[in-house]
2 protein chains.
Amino acid sequence: MPAYRSGSGNPAHTLALLWREPGFGQSARGPKQGLSVDRVVDAAITLADTAGLDGLSMRSVARAVDVSTMALYTYVPGKAELVDLMLDAVYLRMERPPVDRQSWRSRLTAIAEQNRALFGMHPWIADVSTARPPLGPGLMAKYEYELSAFNGLGLDDVAIDDALTYLLTFVQAAARTAISTRASQRDSTMSDEQWWAANAPLLARVFDSTAYPTAARVGTAAGAAHGSAHHPDHAYQFGLARVLDGLAVLIGGQQASAGR
Amino acid sequence: MPAYRSGSGNPAHTLALLWREPGFGQSARGPKQGLSVDRVVDAAITLADTAGLDGLSMRSVARAVDVSTMALYTYVPGKAELVDLMLDAVYLRMERPPVDRQSWRSRLTAIAEQNRALFGMHPWIADVSTARPPLGPGLMAKYEYELSAFNGLGLDDVAIDDALTYLLTFVQAAARTAISTRASQRDSTMSDEQWWAANAPLLARVFDSTAYPTAARVGTAAGAAHGSAHHPDHAYQFGLARVLDGLAVLIGGQQASAGR
DNA sequence: TGGTACTCTGTACGTCGTATAACGTAGGCG
DNA sequence: CGCCTACGTTATACGACGTACAGAGTACCA
């Protein structure tokens, strides 16, 4: 899929749109606009939530808000900028409960969970390019909030940014796995278990398990341990524990919670 | 971009293709095939390396091997399966130097570096869905090899699989960031620094830095520390250190290497 | 020496983002 | 009060995409 994300277009225009600068929604002369940027963005988010970024087409958005396709281009310069606006909009709407929890582990776990929930509601986010993020009010609020979870840990500003980036990168990666697992099941009429089951006998014929003894042993063990169904969830839980343990070493002092 | 990856088609057919089962390249009757699956796959890899998965079209592959577009479909059932074959092919060709290094940290670092190099040579891999991997000889060899780095650490089979998955997921996520940063720079005529510079004054007008004090402070510090806000290389180094520290806790005994 | 199973080609369909031009509307100015 | 003009909106069109389908040509087997 094309890496839909602006950076492309005029940064000034995109920024003005993100912050809903006046002078972009209305001009003196001519007919009034029948819609608003927000209506368009909301419709697009709703569509993308069920169809994904590729299923999201300018035509489908136009149909949803009941205008011709090209009318959208008076609200938004193009699909890349629309995605920017969608992303900032969902960022802005995230819940941000107070972060006064005792331990930093529970604070960071909460941040991770909130982001995981976001990917759950809006799977298309996982496909949005992360370079050159939309510098809108949503991203700012999210960044400000998440940084606050790192207060009082003795990290300097640069380390705080690094640590947050690390945490969020992990959540995004885990979410991508979960999403693509779901997507595979959805558009193949075959469940994951059925797929592995369908492959097993053929694989047995073609695959010399003496040639790859460790792979055969570990793969079998891993497959048996979790029916391959909850695999993404398990990977998230395992990974988050590791991420926190890794950060614990950076933060120092705290004793890590071992065990799997 | 559509999530090009099979699982879709007939698993039997895909598997047979992956293992180059005889009976798929040649049939008794009719004209001989002028090409081979390998020629098609190689051409596709070369194209994807420079144009990405979206720039890779069946038409362009056909042009590269000098046949009509539809002739490809006698070698490969469709683009999804072609991508499966490409992925397994580059896996198979990875270097696998002996892993007898002393410390497990250097072993895992080597695995990470090899995968990072793979993403560097074949950026399109980062866009390939990870669910339902191509169960071909390349993946098997890679899996077998990478598992061997976890020998003798006292982890059980399930934990080994979890740990490897965790490591590889991290490398992929870091690679994605690096790749999309490069991509942004490539197709926007504006360097990352220029883009941030272009945004800075506009942002200053629209962004109330008293409303987001932490974000302003940390963002500035991070931006100053390394020339722009997103530094894929730094994020990789920072992240890998954290990943290893996190696994150290799991493995136990070893003292973690603190410090950033 | 057919017949037939196969390879390969060209055309066509429906999708996409968006450029372009035509049309309609309504406010500001004479 | 009425025209001009800037702007919203629409329909059409272009070139890309993956691939279904029908036809043409080829070489083995009976």
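Proteins get letters first, then strands, A, B, ... in listed order; numbering begins at 1 in each. Heavy atoms only: backbone and side chains are in, while hydrogens, waters and symmetry mates are out.
Here dC16(C) presents its P atom at 12 Å from CG of Leu47(A), a figure rounded to the nearest Å. Between Asp54(B) atom CG and dG18(D) atom C1' there is a gap of 13 Å when expressed in whole angstrom units. Rounded to whole Å, atom C1' of dC29(D) lies 12 Å from atom NZ of Lys32(B). The distance between atom CZ of Arg29(A) and atom P of dT9(D), rounded to the nearest whole Å, is 18 Å. Rounding to whole angstrom units, CG of residue Leu56(B) and P of dA16(D) are separated by 16 Å. Rounded to whole Å, the distance from CZ on Arg39(A) to P on dT9(D) is 12 Å. At whole-Å resolution of the value, NZ in Lys79(B) and C1' in dA16(D) are 12 Å apart. For the pair Arg63(B) CZ and dG18(D) P, the computed distance is 11 Å after rounding to whole Å.
Looking only at side-chain heavy atoms (C-beta outward), Val128(B) and Met86(B) stay at 4.5 Å or farther from each other.
The base of dT19(D) is paired with the side chain of Arg59(B) by a donor and an acceptor separated by under 3.5 Å.
Contact check of residues 66-73 of chain B against DNA chain C (heavy atom, cut-off under 4.0 Å) returns Val67(B), Ser68(B), Met70(B), Ala71(B).
Note on Leu35(A): nothing from the nucleic acid sits closer than 4.0 angstrom, heavy atoms only. No engagement by Leu82(A) is indicated, since no non-hydrogen atom pair under 4.0 Å with the nucleic acid exists.
Between dG17(C), dG8(D), dC17(D), one nucleotide has an atom nearer to the side chain of Thr74(A) than all others, and that is dG8(D). Ranking dG25(D), dG24(C), dG3(C) by closeness to the Pro31(A) side chain, first place goes to dG24(C).
Residue Arg182(A) qualifies as enclosed at atom CZ: its count of foreign heavy atoms under 6.0 Å is above 12.
Not less than 6.0 angstrom separates the ring centroid of Tyr212(B) from the ring centroid of Tyr143(A).
At a threshold of 4.0 Å, the pair Asp42(B)-Arg93(B) counts as salt-bridged, since one of the basic side-chain nitrogens sits closer than that to a carboxylate oxygen. Ion pairing between a basic and an acidic side chain is recognised when a charged N comes within 4.0 Å of a carboxylate O; Asp88(A) and Arg20(A) show no such pairing.
Side chain to side chain, Tyr236(A) and Glu113(A) meet the donor-acceptor criterion of an N or O pair below 3.5 Å.
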Worked check of salt bridge (Lys or Arg N to Asp or Glu O under 4.0 Å) between Arg116(A) and Asp233(A): CA-CA 11 Å; Arg116(A) 189 157 109 110; Asp233(A) 284 348; 3.6 Å; yes

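Mapping Gly30(B) and Ser57(B) onto DNA chain D by nearest heavy atom places Ser57(B) closer to the 5' end of the strand.
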